[in-house]
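Report on one structure; see the data block that follows.
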Amino acid sequence: MVNASSTTWISERATQLGFAMAGVARAEKFPELLRQQEWLARGYAGEMKYLSDARRSDPQAALPGVQSVIVCALTYNTEHARTHQAFTDLNDASENGPRGWISRYAWGDDYHEVLREKLQILLNGLREHHPQPFEARIYADTGPINERVLAKHAGLGWLGKNTLLLNERIGSFFFLGVILTTLDLPPTLGSSEVPPADRCGTCRKCIDACPTEALVEPYVLDAQKCISYLTIELRGSIPEPLRAPMGHHIFGCDICQDVCPWNRHAPITRTKEFQPRPFDRQRAAATAEKESTLGDKNRASPETLLLPRLDLLASLSQSDFSEMFRGSPIKRTKWQGLIRNVCVALGNSKLLRDSAALERIASILRPLAASPDPVISESAQWAVSRIQANEATPIVTQS
């Protein structure tokens, strides 16, 4: 085993790089990893076949000869309002029409790249600190490992009832990145120490707040009901019973984190990569240049991915989608998935008869309802039927 100061150096260097926490664990088959097979057997993974990868149960399978796991946490929580607060003052019948919710982790640039860059710098420094040859592999939420379990045993927190890693100091709004290495590093927790105690207590806020009842029991998530799964991982149509509970969510969900008491005072980050990016960066740049000659009083706030207008998103072509979400986590849902999600959110919107927003949305939903893509057409038709059921002016005429 290398000198004990190495783990201290890792923690200090990670802090310099902007990580909120860092820890080291032995690369072992922890009990939580073995229990995943039972979860998979229940069918809770849905279409996420990659979670069945046997390497996820044993770090040795991910990197033969691995001795240690370095886990780093990077905060992405910004100063903007949480889900409920953000929607409180919005009115679907306003001039701009209804807006959608994108999970706050996806407002900015692709976190995979941000994480990977910082982890690579940390690894480069580790090689300088330890000149002897060793192997290492970086995973920025991209590999066959369970970051949350490894983080728990590296002393970074406990697994909460919402199945996320919780930390009493920084809550849960953070990404986890991992470096597997054949270096035999001293673990953060000594031989007589145990991982942080579960401090969820009797609290059930996350379970009770989930609109789709995806948390079937404490510490157990049925991903097939989770809004994040439905809007990102699922490739077909969203099951109809789950559409109304989804509300305005179009990419991911923050509800179980928003209501968690440990996130009440979660620290915020000023990292520019995690701030809400402009809805159309090219258009926003042109607008900013045009408005630079105007006084602040006349300057309009640009549209961003924080509460984006649903009609603008529904109007995106496939090429528009590819251009707009280059370097964004949202590209994972693909164009078909985003349009499907937006149609469902429009169907859940309360649009008043004869409103300008309704007329504009009508002109968008008509071609989508006739789309050759069966997932998009069915989702748009469902939106139409929902809006009509709310006594809005009919928006698709029968020929």
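The basis for the numbers below is simple: all heavy atoms, side chains too, and nothing from hydrogens, waters or symmetry mates.
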(message) Is the terminal nitrogen or CZ of R104 (NZ for Lys, CZ for Arg) located under 6.0 angstrom from the six-membered ring centre of F173 and within 45° of that ring's axis?
(response) yes
(request) Flag the pair F175 / Y76 as yes when their ring centroid distance falls below 6.0 Å, and as no otherwise. (result) yes
(request) Determine whether more than 12 heavy atoms belonging to other residues, nucleotides or ligands lie under 6.0 Å from atom CD of E47. (result) yes
(request) Evaluate whether atom CD of E213 has more than 12 neighbouring non-hydrogen atoms of other residues, nucleotides or ligands under 6.0 angstrom away. (result) no
(request) Determine, for F134 and R127, whether the Lys NZ or Arg CZ falls below 6.0 Å from the six-membered ring centre while staying within 45 degrees of the axis. (result) yes
(request) Spell out, as yes or no, whether a donor-acceptor pair under 3.5 Å connects the side chain of T142 to the backbone of A140. (result) yes
(request) Establish, yes or no, whether the cationic atom of R243 lies under 6.0 Å from the six-membered ring centre of W382 and within 45° of the ring axis. (result) yes
(request) Mark yes or no for whether D110, through its side chain, and P329, through its backbone, hold a donor-acceptor pair below 3.5 Å. (result) no
(request) Rounded to the nearest 0.5 Å, what's the gap from CG on D311 to CD1 on I364? Could you check? (result) 5.0 Å
(message) Any salt bridge linking E323 with K331? Criterion: basic side-chain nitrogen under 4.0 Å from a carboxylate oxygen.
(response) no
(message) For E38, I'd like to know if atom CD has over 12 heavy atoms of other residues, nucleotides or ligands within 6.0 Å.
(response) no
(message) Can you tell whether the side chains of R270 and E79 come within less than 4.0 Å, N to carboxylate O?
(response) yes
